[in-house]
Amino acid sequence: MGRENTGVGMIPLKLETLLAGRTVEQNRVEYKEGWNPNDIIHTICAFANDLHNVNGGYLVIGIRAEDGIPVLPPKGLPMNILDSVQQEIFQYCNLITPRYIPRIEVINYKNTGVYLLYLWCSAGDSGPYQAPVDVYAEKGKKKDRRMQYWIRPSSLTAAADREEIAELFDKFNSIPFDDRINRKASVQDIRRGYLEDFLRDSRSSLADEINKSSMEDLLLSLEAADETDTELSIRNIGVLMFTDRPDRFIPGAQIDLVKFNTEEAEGSDDFFEKTFYGPIWKQVRDVLDYINTNIIEEKVVKIQGRAESERYFNYPYNALEEAVVNAVFHKSYREPEPVEVRIYVDRIMLINYPGVDKYISQEKFRTGKARARKYRNRRIGELFKEIDLSEKQGTGITKILRELERNGSPAPLFEMDEDRNYLETTIFIREGFEQTMMSEKMSEKMSEKMLSSRDLIVDGEDGRTKFLVESTAFTNLEKERLLRLQQYMIKFQNINSARAADILDIQQKTASRLLAKAEKNNFLESEGKTKNKIYRLIS
């Protein structure tokens, strides 16, 4: 059977399989001999509503049916109207609210020159859907613009009555976004490695089945996919947990981190940015690894008269872990805004969109006494618990408060606007920590210490080092950074701005300016054009 793709996408179920009636129940198929806009748009709307959860249905235009059975061979549609009919289908589908477009193919039936339009109307995710009584009216007839919810109680399309409309609303309201089918994703987008890593880390009995089960079976067992007439349909939870780039299917499914190195923060260009991709559970772990490695510091204080020293951190890891998990767990994946982690000199701020539901008291939320009646992402919470990324539901804020108090840290700040469009969680640095690697004024003491370090200055008598230490052209912070780069260049001969930025954990343009200044002041020399310029120490 020849196929001509309309650009909307190939339909997995072959038309000949559908016509044979072996795979799909007849009440999920509608055959139309010709192009009748009103009937066809109503049927598309009904399949999208999928009242009985049978995963939508199929519509074939160009075939007559008797008692629901296709009459073959088909008469087909005139070839010269195929384009105009498709355009009208798209035009009239725009009248469906919310907008819904089926997948369409043009079929050259058994290469006989008989053309059919083949539509796959999968169950919608954003309903319930309604369409006008008349999307089209003959000349001289008044168009009935009343909107109706269309359903298929059996093998016929009909307008829903009051009870059926209530049932439709219950159906769509009861399915959280993370449990809905993602129409953009397929089994090929799932990475078995991530699936296996998750199962090994979990307490799931499926961990014992990894080597015995297919990926499809594992996804079905985790309820991360649904069986359809052909291949599996991947749910949003499967996309979020087991694809390498969930943001390509669900915009905003990522974490954006920015670390400001000066007190001026957004007013300065001295900052470091990184975006964390991958499965959302891995994003959480990677962000926490970055914070644990680059941000968290421990201080040990000897107390006179006591055998044990006092130990505390600038930021307690457990509080930050809970804050990051909460932001990823509670964000709305319907919205394209990513989770933001903003690291300032004296605080760490996490932002997710939107904030908590309006029925939750802000005061109770801030004190950890609020309990949600329902969760925005129930499935994310279930799977996060399996790998110990979350505990009991509703305990996140309580744990943050407890861990901060235990560390002697200030109370956190939770901010939302009146409409709860966002939630900002701010965790402040504990008293007693130097705010290092920030503004030049604040970095003075640290830089002087580093400048006198025998470990950092490879050879204290080296002319280059002596020149740099005594130079008045650089700030102490710049000297400290250049000495770190000097160590690298002694070992590897040269450096570029990208590598310098990695070593210093700063933006590349900041590293470029520092290298250019060092060249201008005869500490470095360079070769190559701007984009590929490399620097080396002056002999």
Side-chain angles (χ1 to χ4, degrees), residues 1-48 56-96 99-122 124 129 131-145 148 150 152 155-158 183 229-230:
M1 182 181 294
R3 291 171 181 256
E4 297 178 17
N5 193 354
T6 64
V8 180
M10 298 293 287
I11 299 174
L13 184 67
K14 293 181 178 180
L15 181 60
E16 59 262 36
T17 305
L18 183 79
L19 295 176
R22 294 191 300 267
T23 305
V24 180
E25 302 86 349
Q26 288 302 321
N27 64 346
R28 293 182 56 216
V29 185
E30 184 86 15
Y31 298 101
K32 297 291 184 183
E33 188 172 0
W35 167 228
N36 184 327
N38 290 329
D39 287 350
I40 287 171
I41 296 302
H42 295 166
T43 298
I44 291 172
C45 185
F47 281 141
Y58 300 85
L59 201 153
V60 187
I61 307 172
I63 294 182
R64 184 170 66 89
E66 291 181 359
D67 299 323
I69 307 300
V71 177
L72 301 175
K75 290 185 178 179
L77 294 173
M79 186 176 179
N80 62 353
I81 71 165
L82 292 174
D83 287 342
S84 63
V85 169
Q86 290 178 81
Q87 289 170 12
E88 288 183 39
I89 290 173
F90 288 124
Q91 174 189 337
Y92 295 135
C93 280
N94 285 326
L95 300 177
I96 297 175
R99 183 173 181 265
Y100 177 91
I101 304 292
R103 196 175 291 188
I104 306 175
E105 279 191 61
V106 175
I107 304 295
N108 181 356
Y109 180 74
K110 295 186 176 179
N111 292 317
T112 60
V114 174
Y115 289 92
L116 308 171
L117 283 180
Y118 181 28
L119 284 69
W120 178 26
C121 310
S122 56
Y129 299 88
V133 173
D134 289 332
V135 298
Y136 169 83
E138 298 287 348
K139 265 190 177 181
K141 182 186 174 186
K142 188 176 179 181
K143 190 184 291 186
D144 187 343
R145 300 178 185 275
Q148 299 271 17
W150 302 94
R152 285 178 69 85
S155 58
L156 297 174
T157 298
R183 305 296 170 190
D229 306 313
T230 50

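A quick note: this is a predicted structure, and the numbers were derived from the prediction, not measured.
- Contact between Leu18 and Tyr31 at its shortest, heavy atoms only, is O-OH, 3.9 Å.
- Here the side chain of Asn38 pairs a donor or acceptor atom with the backbone of Val135 at under 3.5 angstrom.
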**Request:** Dump the intermediate steps for side-chain contact (heavy atoms from CB on, under 4.5 Å) on Ile96 and Ile44, then the final yes or no.
**Result:** CA-CA 9 Å; Ile96 297 175; Ile44 291 172; 4.1 Å; yes
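- Legend: salt bridge (Lys or Arg N to Asp or Glu O under 4.0 Å) pairs involving residues 136-145, not counting sequence neighbours, sorted by first then second residue: Asp144-Arg146.
- Atoms CD1 and OG, on Ile89 and Ser84 in that order, are 9.5 Å from each other to the nearest 0.5 Å.
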**Request:** Would you check, one step at a time, whether the test side-chain contact (heavy atoms from CB on, under 4.5 Å) holds for Ile101 with Phe90?
**Result:** CA-CA 7 Å; Ile101 304 292; Phe90 288 124; 3.4 Å; yes
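- One distance of note links OG1 of Thr157 with CZ of Arg152; it measures 4.0 Å at 0.5 Å rounding.
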**Asked** When you look at Leu117 and Val106, which way does the side-chain contact (heavy atoms from CB on, under 4.5 Å) test go after all the steps?
**Response** CA-CA 5 Å; Leu117 283 180; Val106 175; 3.7 Å; yes
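- For Thr17 (side chain) and Leu13 (main-chain N/O), no donor-acceptor pair under 3.5 Å exists by modelled atom type.
- Leu59 places none of its side-chain heavy atoms less than 4.5 Å from the side chain of Pro102.
- Under the 4.5 Å side-chain criterion, counting only non-hydrogen atoms from C-beta, Glu30 is not in contact with Ile40.
- Within the structure, the salt bridge (Lys or Arg N to Asp or Glu O under 4.0 Å) test picks out the following pairs touching residues 57-73 (sequence neighbours left out): Arg64-Glu66.
- In terms of heavy atoms, Ile41 sits closest to Ala131 at CG2-CB, 4.2 Å.
- Rounded to the nearest 0.5 Å, atoms CZ (Arg28) and SG (Cys121) are 10.5 Å apart.
- For Tyr100, the ring-ring contact (aromatic ring centres under 6.0 Å, His included) partners two or more places apart in sequence, or in a different chain, are Tyr129.
- Within the 4.5 Å cutoff, no side-chain heavy atoms of Val71 are placed close to those of Glu33.
- Applying the side-chain hydrogen bond (donor to acceptor under 3.5 Å, both in side chains) test to Ser122 and every residue at least two apart in sequence or in another chain returns nothing.
- Side-chain contact check for Glu105 and Trp120: no donor-acceptor pair (N or O, by modelled atom type) lies under 3.5 Å.
- Taking the side chain as every heavy atom from C-beta outward, Lys32 and Val60 never approach each other to under 4.5 Å.
- Residues Leu116 and Ile61 fail the side-chain proximity criterion, which asks for heavy atoms closer than 4.5 Å.
- Listed by chain and number, the residues in a side-chain hydrogen bond (donor to acceptor under 3.5 Å, both in side chains) with Tyr92 amount to none (sequence neighbours excluded).
- Put simply, the side chain of Phe47 does not reach to within 4.5 Å of the side chain of Leu119, judged on heavy atoms.
- Here the side chains of Lys14 and Tyr118 are not in contact, with every heavy-atom distance at 4.5 Å or above.
- Take Arg99 and apply the side-chain hydrogen bond (donor to acceptor under 3.5 Å, both in side chains) test, not counting sequence neighbours, and it matches Asn94.
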Going by atom type alone, with no hydrogens or angles, which donor-acceptor pairs under 3.5 Å involve a side-chain atom of residues 72-83 and a protein atom two or more places apart or on another chain?
none

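- The side-chain heavy atoms of Leu19 and Tyr109, taken from C-beta on, include a pair separated by under 4.5 Å.
- In this structure, OH in Tyr58 is found 11.0 Å from CG in Leu15, a value given to the nearest 0.5 Å.
- Checked by atom type and distance alone, the side chain of His42 never pairs as donor or acceptor with a backbone atom of Ala158 at under 3.5 Å.
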